[in-house]
Q: 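A single structure is presented below for examination.
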Amino acid sequence: MIAQNVWQALGRPGFLCSGWPLRSVGYLTVSGMTGLLTLVVALLLLSVGGLLAVVVVGIPLLGAIALLGLPVAGIERWSLRMIDARPVPDAHRTPPRPGPASWLRTRFTEPVTWRELGYAALLMLVLWPIDLLAVILGLTVPLALLATPLLLATVGEGQQVNVLKAYPVTSWPATFAACAAGLVALVACAYGLGLLAGFRGALARFLIASPVSPLGDQITELTRSRVRLVDAFEAERGRIERDLHDGAQQRLVALTMMLGMTRLDAPAGPLVP
């Protein structure tokens, strides 16, 4: 059976020979770069919006900070497919009417918008350094240890080479011992990055996925449709009542005027049919 996510792949013996370690590295790299970019954009909006707030122009820029979670969640849904085949559906509602005002009103009143903003804040303030640091260490340390014999033969000219810029190696036995340590570090880092990617993916899925089941979404949509139908029925009933009332009132006024004119044209005395 093919593994559907990194958690299933970690428990199988072929994990190291599969593409899951590279998928984990790719996911953590994308998440780390997204968090860093989000931090830069948030600081830019905050600084420019704060400076221009006195002329009202900066207020929309400050309000845009609350919507940073939308693109971040979109990138997260895409990158999660690297480590988990289960889709993360978009939990946002379709605006009832076209136009930016309806779109903004819908987004600002949705709980998922604020959950995504919370995830974006967590990503740009806490998670992105952890992701990038784990990828850098998980790649450089094993590769540097594995490359020790090659470095000693080329750069060190068979005399000495500094492993990881800190540990001098001056003999071939020590070089091959460092290479063996690189193999152990490669296995440990592959599993470590897989575990970190699994935890990160579970956290992202918990924060940006909709807590409502598909059946619940259908019930909610049916309830909204019923409310819209009731509102439309009430509006149409009111229109018909107004038309009937206005039409009958106009006919009564016309009849009263006709009777009055007839009374003026008639001779004095009681009217005899």
Side-chain angles (χ1 to χ4, degrees), residues 2-43 72 75-76 78-85 119-205:
I2 300 176
Q4 296 296 314
N5 52 60
V6 67
W7 290 115
Q8 296 178 2
L10 282 168
R12 299 185 179 184
F15 174 77
L16 294 175
C17 298
S18 66
W20 288 103
L22 292 179
R23 290 187 180 187
S24 301
V25 171
Y27 170 72
L28 292 174
T29 303
V30 171
S31 296
M33 295 303 297
T34 301
L36 178 59
L37 181 60
T38 305
L39 178 61
V40 173
V41 173
L43 292 177
V72 171
I75 296 174
E76 186 65 32
W78 171 80
S79 61
L80 268 175
R81 292 182 293 180
M82 298 183 188
I83 60 170
D84 197 335
Y119 174 73
L122 185 64
L123 180 64
M124 66 181 178
L125 297 177
V126 178
L127 296 178
W128 76 265
I130 299 174
D131 295 341
L132 293 184
L133 182 62
V135 170
I136 293 172
L137 293 179
L139 294 179
T140 57
V141 171
L143 293 179
L145 291 173
L146 289 172
T148 303
L150 179 62
L151 294 176
L152 182 64
T154 55
V155 179
E157 298 180 352
Q159 301 297 322
Q160 179 177 334
V161 66
N162 291 326
V163 180
L164 298 175
K165 304 295 183 179
Y167 304 101
V169 175
T170 58
S171 63
W172 286 105
T175 301
F176 289 114
C179 186
L183 289 175
V184 176
L186 182 64
V187 174
C189 289
Y191 277 95
L193 291 174
L195 285 172
L196 179 59
F199 280 116
R200 284 281 291 100
L203 176 62
R205 181 180 291 273

Q: Roughly how far, to the nearest 0.5 Å, is CD1 of Ile83 from OG of Ser31?
A: 7.5 Å

Q: At what distance, to the nearest 0.5 angstrom, does CD1 of Ile75 lie from CE of Met33?
A: 11.0 Å

Q: Got a second to check how far Cys189's SG is from Leu196's CG, nearest 0.5 Å?
A: 11.5 Å

Q: Nearest heavy-atom pair of Ser24 and Leu193: which atoms, and what distance?
A: CB-O, 3.8 Å

Q: Looking only at heavy atoms, what is the nearest atom pair of Gly35 and Met124, with distance?
A: O-CB, 3.4 Å

Q: Holding to side chain to side chain contact (heavy atoms under 4.5 Å, CB included), I want the full list of residues that pass it with Leu183, two or more places apart in sequence or in another chain.
A: Leu146

Q: If a pair satisfies ring-ring contact (aromatic ring centres under 6.0 Å, His included) and one of its residues is in residues 9-32, list it, with sequence neighbours excluded.
A: Phe15-Tyr191

Q: Considering all heavy atoms of both residues, which atom of Ala197 and which atom of Leu28 are nearest to each other, and what is their separation?
A: CA-CD2, 4.0 Å

Q: Just verifying a value: how many Å separate Met82 CE and Leu22 CG, rounded to the nearest 0.5 Å?
A: 11.5 Å

Q: Can you name the side-chain hydrogen bond (donor to acceptor under 3.5 Å, both in side chains) partners of Asn5, sequence neighbours left out?
A: none

Q: Scan residues 182-199 for pairs that pass salt bridge (charged side-chain N to carboxylate O under 4.0 Å, His left out), counting only residues two or more places apart or in two chains.
A: none

Q: Under the ring-ring contact (aromatic ring centres under 6.0 Å, His included) test, which residues partner Trp7, sequence neighbours left out?
A: Phe199

Q: So which heavy atom on Ser79 is nearest to which on Val30, and how close?
A: CB-CG1, 3.9 Å

Q: Report the distance from atom CZ of Arg12 to atom CG of Leu10, rounding to the nearest 0.5 Å.
A: 11.0 Å

Q: Do Trp128 and Thr38 have side chains that get closer than 4.5 Å, going by heavy atoms?
A: no

Q: Can you measure from CG (Leu36) to CG (Leu123) and round to the nearest 0.5 angstrom?
A: 9.5 Å

Q: Check residues 130-144 and write down every donor-acceptor pair under 3.5 Å in which the side-chain atom is one partner and the other belongs to a residue at least two apart or another chain.
A:
| residue | atom | partner | partner atom | Å |
| --- | --- | --- | --- | --- |
| Asp131 | OD1 | Arg200 | NE | 3.2 |
| Asp131 | OD2 | Arg200 | NE | 3.1 |
| Asp131 | OD2 | Arg200 | NH2 | 3.2 |
| Thr140 | OG1 | Ile136 | O | 2.6 |

